[in-house]
Amino acid sequence: MSKQGRDAGRVELTGLSKRFGGFTAVRPTDLTIPEGSFFALLGASGCGKTTTLRMIAGLEAPSTGRVLIGGQDVTGLPPHKRPVNTVFQSYALFPHLSVADNVAFGLRRKGRKDVAQPVKEMLELVELGHLGGRKPAQLSGGQQQRVAVARALINHPQVLLLDEPLGALDLKLRRQMQLELKRIQTEVGITFVHVTHDQEEAMTMADTIAVMNGGVIEQLGSPTELYESPKTAFVANFLGQSNMLPAAVLGRQGDDLALDVHGVRMTLPASRAVPGSSGSSRIVMGIRPEKITLGKAEPDDAHRNMLRGIVSEASFIGVSTEYRVRIAEGSELVVFSQNRDDERPRVGDEVVLHWNPRHGFGLDAGQDLDAGTGEDAL
Amino acid sequence: MLKWLRHNLVVFAGLGTLVYMLAPNVVVFVFSFNDPVGRYNYEWAEFSDKAWTDPCGVAGMCDSLTLSFKIAILATLCATVLGTLIAFALARYRFRARGLVNSLIFLPMAMPEIVMAASIAMLFLSMGMDAGFTTILIAHITFCVSFVVTAVKSRVIGMDPALEEAARDLYASPIQVFLRVTLPLAAPGIAAGAMLAFALSFDDFIITNFNAGPDTVTFPMYVWGAAQRGTPPQINVIGSAMLVIAVLVVVAGQIVGRRNRAKA
Amino acid sequence: MTTPAKTSDAADAAEAAGPKHAGADGRPEPSGPARALRAITGELRRMPYLLLLPGIAWLIFFFLVPLYFQAKMSVSSGTLDKGFDLTWTWSTFSAAFEDYDEHFLRSLYYAGAATILCLVLAYPLAYTIAFRAGRWRSLLLVLVVAPFFTSFLVRTLAWKTILSDNGTVVGFLNTLHITDVTATLGLTEGDRVLATPLAVVTGLTYNFLPFMILPLYASLERIDPRLHEAARDLYASPASTFRRVTLPLSMPGVVAGTLLTFIPASGDYINAQLLGTTRETMIGNVIQSEYLRVRDYPTAAAMSFVLMAVILVIVTVYIRRAGTEDLV
């Protein structure tokens, strides 16, 4: 590892792709993961995220393209010669070795003799200092997870790869470990590349997320960016929920687009529409369920977009209520409403839906609006 | 009461089978203390510990035992190496001749022993090889390989490939991966295969009988001869002692295993 | 072993050579390193054959080639002194059939009877160990395997004692007039059990019982006990739970166990020799004496060949019907 500079933890993929026989798992991809970032590859199973990670680790040979770590081309290097370590899905702890020996494994392979002290420190970092003598099978799921992290981190890799590291944990533990991993990452400052199918997990932990679908990166950005301004229906649906309203573009009024949605005039800032889509005559306007205000009367502010409808379903969730509102033409919108008011709409009530035009986003009309919903989204 | 009986009927039947299985061992043990009248040790005469105090007192028996051990150890070593390699190939790789290889492994087990015994003897006959230690050893290795393959393969298939990937990820060179991770993980399967091979080789009669020379009398062959000439109680002593040793080894293994688990 | 040692060197070399092979933009042509890695996968493709080579060569030379020699011998003629020549003498086969057809049939009959007895005896024990034994499970398994460690010939000889004419077992069977029943069936003779077909089948059953119990146990042990509870919950009586759930799920064990019992039993000659008389001789006895005593190698080869063929046909048909494919 000649280049241990400031950018030692930078990962660059250029034209990286992977075919298995006739199946293309990853289409040629260019991607730069900056030094010290917590980067998430998010997508449904089979989207190519794990294959991408395995190509970075060297466990899978790319069909085309190259992998650079810290500016150094590692494409031809076998895994044991790469400055990266992996936290495997279901951990892959060596069952025949003790926890301490598991953690010491990498150091010993690199020829270090005095491993006792670093192992002790590392186990303490993950709060397992007292369990070094145990075998992995004697640990709980959460403890095994920490061992897996410790075993990788002790080697001070330039990049740490995490393959669905929390997938085997129950919900509560997963939440706890998310914060824990975030804390460790901040503490050690190493680049983390994290593969997950759980959008909430990705948003909680990562500073940058790449959403993958069908072997390509659909969109790259910070969690807020992806959530507030999705560029495709897949991203809009996979991260949280979205209402999709097909609309006709009537024209441009200053910085806004004038739209016709189900015969109702609405506006959308032109900057919030996907480039290219604003020029065409048809567009899809998306709006997040929690951005919609649900009321009995029309809003005072005439600039807000507004629709009328009838409540067809109301599910009480606790902090909020999820409404399905049938709008005039027979399609439904989902609305999340905070349970602040004593009087809440009931099924069958006629309601008014309105939102700030700046909360909408415009997508290309020529795509599957249900992409990223349903079972494949897990 | 009746319900309890009916509920546990299967247990009683199972224990009945166990009695059937173990009765001969009890007889062998009891009759090792017999002082038989005449040449055969089939009917109880009177108690004697002569056979136990002088187990090698009958001509040739302990030599045959030594020979059996030698052959079994060598056959086990060779069959375990050959079988383990095949098992890894079958468990870890997709290749074109897979079906053929599987059949070649299965066939020796799907064939009465005597067919293999006679055919391999005919090979040695055609090659002009004199029957003896080498021919026995070759024949034993041949029939043990398949059993080793079966035992090791099932273990290797059950191993998580991620463990080896993890080792590669943690700076282990291919050789280190094999020595530090693959081999220890496959060890129980290899040990099971080796134990099976040893037991099969040590106790084999039919194949040995076809391929042994006049000077290579293994223990089973000695017993067979004794059944014709007269059975000294010493063979019961050997039979019982082997059982006791084997059971002690198994029990010790279990205790060590349990203590390791408790200690860790 | 799984990751060939060669790869790292190849990869190092390729890495050095890498950049100059890369296309102008590194895409879509595979870049040098990527191509090198694929060369390694090419190496990997040869790996299984390297692993197979010693063992398979061994089996070809000492298992398949002998079968060829045996086939050749079966159509040869000659004597031990003058040597044997390939004369395509097919009459050896017909003569063997004429002289020894009853031995063939007897072998199949005894082996079949022993297999069925093994199944009947083994199932309750395997079931008990799998579902009822609790903390006694490992002890019971040790007891099942333990007899293996006493030479089976010594144990088979013990049946001479157990079944002896004035022993307890035979006396008991005489008192209950069971020997009268078995004598009527032609299984025993007079008040004796030793030196009768029953003794031989008893010995065969005894010898191969562990080969039935272990695969049965292995397949029963894999059954989730909750399936029994689910069946009971869905109104199945214990009997129909067994018939509809346990038995079908244990079929792989039944198939493997019956094969592991029937195949060796059909070629066995030890039990017939030690526990029977000349009236109980099986095909194994004939091959053995033709080969080792008479030294009529062509006849021994022919009969061994026929035995192999018959067993392979039976096994193939049986596996097809039972629908269990991967037994190895």
Side-chain angles (χ1 to χ4, degrees), chain B residues 10-11 13-14 17-18 21-25 27-28 31 42 82-83 85-86 88-89 92-93 95 101-102 104-106 108 110-115 118-120 122-123 126 138 142 145 150 164 173-175 177-178 182 199 203 205 219-220 223-224 227 231 235-236 239 242-243 246-247 250, chain C residues 1-5 7-8 47-48 51-52 54-56 58-59 62-63 65-67 69-70 73 121-122 124-125 127-128 132 138 142-143 146-155 157-162 164 209 263-264 266-267 270 274 284 287 291 297 300-301 304 307-308 311 315 328:
Chain B
V10 63
V11 177
T17 304
L18 206 59
M21 286 184 73
L22 296 176
N25 284 83
V27 171
V28 168
F31 276 70
Y42 299 142
L82 296 176
L85 295 178
I86 297 178
F88 267 99
R92 283 297 168 81
Y93 297 94
F95 50 91
V101 171
N102 267 327
L104 189 58
I105 302 301
F106 181 63
M111 200 167 273
E113 213 180 327
I114 194 163
V115 175
S119 64
I120 200 163
M122 280 175 215
L123 172 80
S126 313
I138 290 175
T142 310
V145 166
T150 314
E164 280 156 293
S173 69
I175 294 163
V177 173
F178 181 71
T182 316
D203 210 14
F205 173 69
F219 183 68
V223 177
W224 178 261
T231 49
I235 61 175
N236 296 43
M242 274 160 54
L243 178 71
V247 170
V250 170
Chain C
M1 178 119 332
T2 49
T3 43
T7 57
S8 52
M47 196 61 195
L51 292 173
L52 290 172
I56 295 302
W58 184 282
L59 285 180
F62 293 115
F63 176 71
V65 171
L67 290 179
F69 275 106
Q70 175 172 284
M73 183 63 86
L121 288 172
L125 182 54
Y127 188 94
T128 303
R132 295 290 185 79
S138 31
V142 169
L143 289 178
F148 269 125
F149 293 97
T150 302
S151 168
F152 81 103
L153 282 170
V154 179
R155 284 182 285 125
L157 286 177
W159 282 102
K160 282 204 171 200
T161 303
I162 299 172
S164 65
L209 200 48
I263 295 169
S266 64
I270 291 148
L274 296 181
I287 298 176
Y291 191 97
Y297 294 135
S304 165
L307 176 63
M308 178 181 85
I311 295 300
V315 167
V328 191

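Residue numbering restarts at 1 for every chain, and letters A, B, ... go by the order of the sequence lines. When reading the values below, keep in mind they use all heavy atoms of this one structure, side chains included, and skip hydrogens, waters and symmetry mates. All values derive from a computational prediction rather than experimental measurement.
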Enter the distance from [X]:[atom1] to [Y]:[atom2] here, rounded to the nearest 0.5 Å.
X      : Y      : atom1 : atom2 : result
B/L82  : C/L59  : CG    : CG    : 8.0 Å
C/L307 : B/M111 : CG    : CE    : 9.5 Å
C/F63  : B/L123 : CZ    : CG    : 12.5 Å
C/L153 : B/T231 : CG    : OG1   : 12.0 Å
C/T128 : B/L18  : OG1   : CG    : 9.5 Å
C/L51  : B/Y93  : CG    : OH    : 6.0 Å

[X] and [Y]: which non-hydrogen atoms are nearest, and at how many Å?
X      : Y      : answer
B/A89  : C/P48  : CB-O, 3.7 Å
B/P112 : C/I263 : N-CG2, 3.5 Å
C/L125 : B/G14  : CD1-O, 3.3 Å
B/S126 : C/F69  : OG-CD2, 3.3 Å

So what's closer than 4.5 Å to chain B heavy atoms on [X]: side chain, backbone, both or neither?
X      : value
C/Y127 : side chain
C/L67  : both
C/R155 : both
C/I311 : side chain
C/I162 : side chain
C/M308 : both

For the candidates [options], which exhibits the highest count of non-hydrogen atom pairs separated by less than 4.5 Å from chain C?
options                       : answer
B/A227, B/A110, B/P108        : B/P108
B/V28, B/N236, B/N25, B/D203  : B/D203
B/V101, B/L104, B/T142, B/I86 : B/T142

**Request:** Give the C-alpha distance, both sets of side-chain angles, the deciding distance and a yes or no for side-chain contact (heavy atoms from CB on, under 4.5 Å) between C/L143 and B/M21.
**Result:** CA-CA 9 Å; C/L143 289 178; B/M21 286 184 73; over 6 Å; no

**Contact class of B/V247 relative to chain C, heavy atoms under 4.5 angstrom** =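 The side chain, not the backbone.
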
**Message:** Is B/V145 in contact with chain C via its backbone, its side chain, both, or neither, using a 4.5 Å heavy-atom distance?
**Reply:**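 Only the side chain of B/V145 comes within 4.5 Å of chain C.
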
**Asked** Between the main-chain N or O of B/P220 and the side-chain N or O of C/S151, is there a donor-acceptor pair closer than 3.5 Å?
**Response**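 Side chain of C/S151 to backbone of B/P220: no pair is present.
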
**Request:** Keeping the roles fixed (side chain from C/S304, backbone from B/I114), state whether a donor-acceptor pair exists under 3.5 Å.
**Result:**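 Here the side-chain-to-backbone pair does not exist.
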
**Request:** Please lay out, stage by stage, how C/W159 and B/V27 fare under the test side-chain contact (heavy atoms from CB on, under 4.5 Å).
**Result:** CA-CA 8 Å; C/W159 282 102; B/V27 171; over 6 Å; no

**Request:** For chain B, find which of C/S138, C/G284, C/P147 contributes the most heavy-atom pairs closer than 4.5 angstrom.
**Result:**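 Ranked by contacts with chain B, first place is C/P147.
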
**Request:** Flag the one option from C/V65, C/V315, C/I56, C/V142 with the top tally of heavy-atom pairs under 4.5 Å to chain B.
**Result:**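 Greatest number of close heavy-atom pairs with chain B: C/I56.
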
**Message:** Using side-chain heavy atoms (C-beta onward) and a distance below 4.5 Å, is C/W58 in contact with B/I138?
**Reply:**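 Side chain of C/W58 against side chain of B/I138, heavy atoms only: contact under 4.5 Å found.
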
